[in-house]
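Data block below; observations after.
Sequence lines set the chain letters: A, B, ... in the order given, protein chains first and strands last, and positions in each chain run from 1. The figures here come from the full heavy-atom set of this structure, side chains too, leaving out hydrogens, waters and symmetry mates.
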There are 2 protein chains.
Amino acid sequence: MRDLLEIQEQLLPDLMDTLKRRYTILHQIRLSGVVGRRTLAGSLEMTERVLRAETDLLKAQGLIEIETVGMRISDAGICLLEQLEPMMKELFGLARLEEKIRKAYGLRKVVVIPGDSESSPDVKRELGRVGARTLLSYVHSGDTIAVTGGSTLAEVAEQMTALAGGPLKGSWFVPARGGLGESVEIQANTIASKMAKRVGAEYRLLHVPDLLGEDAYQSLVHDQHIQEIVHVIRQSRIIIHGIGDAMEMARRRKLDDGSIDSLQKDGAIAESFGYYFSESGEVVHKMLTLGLRLEDIMRTEIVIGIAGGRSKGKAIHAVLKFGHEDILVTDEAAALEVMKEIETL
Amino acid sequence: MRDLLEIQEQLLPDLMDTLKRRYTILHQIRLSGVVGRRTLAGSLEMTERVLRAETDLLKAQGLIEIETVGMRISDAGICLLEQLEPMMKELFGLARLEEKIRKAYGLRKVVVIPGDSESSPDVKRELGRVGARTLLSYVHSGDTIAVTGGSTLAEVAEQMTALAGGPLKGSWFVPARGGLGESVEIQANTIASKMAKRVGAEYRLLHVPDLLGEDAYQSLVHDQHIQEIVHVIRQSRIIIHGIGDAMEMARRRKLDDGSIDSLQKDGAIAESFGYYFSESGEVVHKMLTLGLRLEDIMRTEIVIGIAGGRSKGKAIHAVLKFGHEDILVTDEAAALEVMKEIETL
DNA sequence: CTTACCCGGGACATTTTACGTCCAACATAA
DNA sequence: TTATGTTGGACGTAAAATGTCCCGGGTAAG
């Protein structure tokens, strides 16, 4: 398919440019939901007039609908975008990025979406959508799926929609580990239940704080109900988790200064499912809580990491070095940072 | 490929038009050999200036060479044309035409080239080239190929060039049937020998008139040399033949008025390899001469019919109805006429 | 040789299109 | 009600496309 485009480019030298431009516009409209001409022109850095010419064409082709409130992508437009996606990845060079990262860490699959989810909420939403799609493509009926907290995972849950093949009866969504310290919207429990509801699956929750004293831990660990749910969690076939900056997570979890200093001393860069990783991928600290343990993760069939944004580069690198990831979903900005880490090796 | 085309039609409808335009121009330059701007503008019905803009671009892309004598296609241009050909067939709707005709008569393959070979010598030349290429794609070393006469077959011979795989040693070109009545350039004998020479194959000729009296027939049929060559002819694995209008052929062969009347009465529409066919594909008359017989044709492995021009539509239909063709090579004008015949069934 | 013809490329006035930039009428949410 | 954002219309200007010549040069026929 690529060949054919290159052949055509001989006769139509500006083919690729136009293709990219129109795809980007259509894509952006989809990300934005309903958006006006000026706003769109601003975010795409185009003048109003040329954007207008393009959107007129898109409308004439039935790819978008224009109403008094703004422009919205049509079903045909969505269909077109999805068909075009692999090709555009090639064109934008994202496919190469994916492959390089995949090889560098020996992953099963890497998905890179264009943009920077830190600087654009639209891109973050897209990251969620792609993450959801990726996750669902691996889920079978009857699976147990462990999820972590975090804003990215919350977005994944938000973007999750039932599969074409009907609801996922008999599958279970569970939180990966305890974590009641965070705000409720981005708690693993909330996310697990939301995901389950969205795809018609079941869920079980684990109401355990993320910061346990030794005593509390001992008492919880012997609780009948908790033992039961922890057992389910540890059997997960799939885990999908966010990746965070170590210091930021430590602060968010309100660790005391001593712990933070100790983390810093140990070179903690990244945090994921309650473990802190150094640059070389070693676990330098772990939260004392219940749920998945390191050894569970190591033997989990499908581990999906998802994180985006330029600042996440080092953290992603650290977790990938850990070496038990299978799939990475990220954005262009983070992927480029990860590439830098790869190159300095 | 079809998918890609549909996507492009949706997102780049304007570019597809210019793609068509530029392809047509490049194609026409190839057909014309060396041609000037004004002449080309005339035959493509464009104004000089817009053609000039296009040819400037084609030159900048290295697809044509512009010299003081005129414009000529470059190697890169030929390469491009050939790579783009299947796509353009889709774009121009020729692929659909081919498939419909193929299915309607249960043929193995149908090739339709754009244009009308009756109104343009260039298109006729192209028909010859495509016919030659099609024929050669089926020839193996050691085959015997029977050819008929006619201006189209003469053009095929003219356009035939040795294959990339070297000369066709051990293959034989032979005339399908006797036919000394026509002018020498379009006689089967001439064509067979020219084809053989062009591809480095052997040939044998059959010097027998196309109109024999019963006595002459009987004496020739017992001739040792003639028996020998006729035997070779009847063993042909491949036959390539033109298709003509019955009345026109009858006149060209200088049949007497009585015979012509009788042909007309029997509803003869088409003529091919010495047989006259009615609209329903039945043989209503045959020439008394030597060479391939109907039963030979019926069991010939590969029967290639080639004919172009708007007026040939009915004749082609008649021969295809006969039901022993495998491959048809024709032009757009004739194909559209054939389609009409199909639709009236 | 001459002559008639066709060639590419330069030139230019004119038309058409693209573009940037406003504005008016309308819808929506606060 | 007000503030904001939307579409579609409008318009002057800049840029590109176009139709139409012309010129010098090369070709082939006479």
Taking atom types as they are modelled, would you say the side chain of A/Arg37 forms a donor-acceptor pair with the base of D/dG5 within the 3.5 Å cutoff? no

Whole-Å distance between D/dA16 C1' and B/Arg52 CZ? 15 Å

In whole angstrom, what separates A/Arg49's CZ from D/dA15's P? 17 Å

Counting any heavy atom closer than 4.0 Å, what does B/Val35 reach on the DNA or RNA strands: base, sugar-phosphate only, or nothing? sugar-phosphate

Whole angstrom is fine here: how far is it from CD in A/Glu48 over to P in D/dG9? 14 Å

A/Ile29 CD1 to D/dT7 C1': how many Å, rounded? 14 Å

How many Å lie between CD on A/Glu65 and P on D/dG8, as a whole number? 13 Å

When the distance from CG of A/Asp56 to P of C/dT17 is rounded to whole Å, what number comes out? 15 Å

Would one find more than 12 heavy atoms of other residues, nucleotides or ligands at under 6.0 Å from atom CZ of A/Arg310? no

Sidechain-backbone polar pair: B/Thr148 side chain, B/Gly242 backbone, donor-acceptor under 3.5 Å: yes

If only side-chain N and O atoms of A/Thr47 are considered, is one of them under 4.0 Å from the OP1 or OP2 phosphate oxygen of C/dT21? no

Does B/Leu153 form a side-chain contact (heavy atoms from CB on, under 4.5 Å) with B/Met195? I'd like the steps, not just the answer. CA-CA 10 Å; B/Leu153 265 291; B/Met195 284 185 176; 3.9 Å; yes

Could you tell me the separation between the CG atom of B/Leu57 and the C1' atom of D/dA17, rounded to a whole number of Å? 14 Å

With sugar-phosphate meaning primed atoms plus P, OP1 and OP2, does A/Glu67 contact a base, only sugar-phosphate, or nothing at under 4.0 Å between heavy atoms? sugar-phosphate

I want to check one thing: is the phosphate of C/dC7, taken as OP1 and OP2, less than 4.0 Å away from some side-chain N or O of B/Thr39? yes

Round to a whole Å and report the spacing from CE of B/Met46 to P of D/dT18. 9 Å

B/Gln159 side chain to B/Glu155 side chain, donor-acceptor N/O pair below 3.5 angstrom: yes

Could you please spell out the steps behind the side-chain contact (heavy atoms from CB on, under 4.5 Å) verdict for B/Gln61 and B/Lys59? CA-CA 5 Å; B/Gln61 296 291 88; B/Lys59 183 187 178 182; over 6 Å; no

Could you tell me whether the side chain of B/Arg38 has a donor or acceptor atom within less than 3.5 Å of a complementary atom in the base of C/dG8? yes

Which sits closer to the 5' end of DNA chain C, A/Thr68 or A/Val50, going by the nucleotide each is nearest to? A/Val50

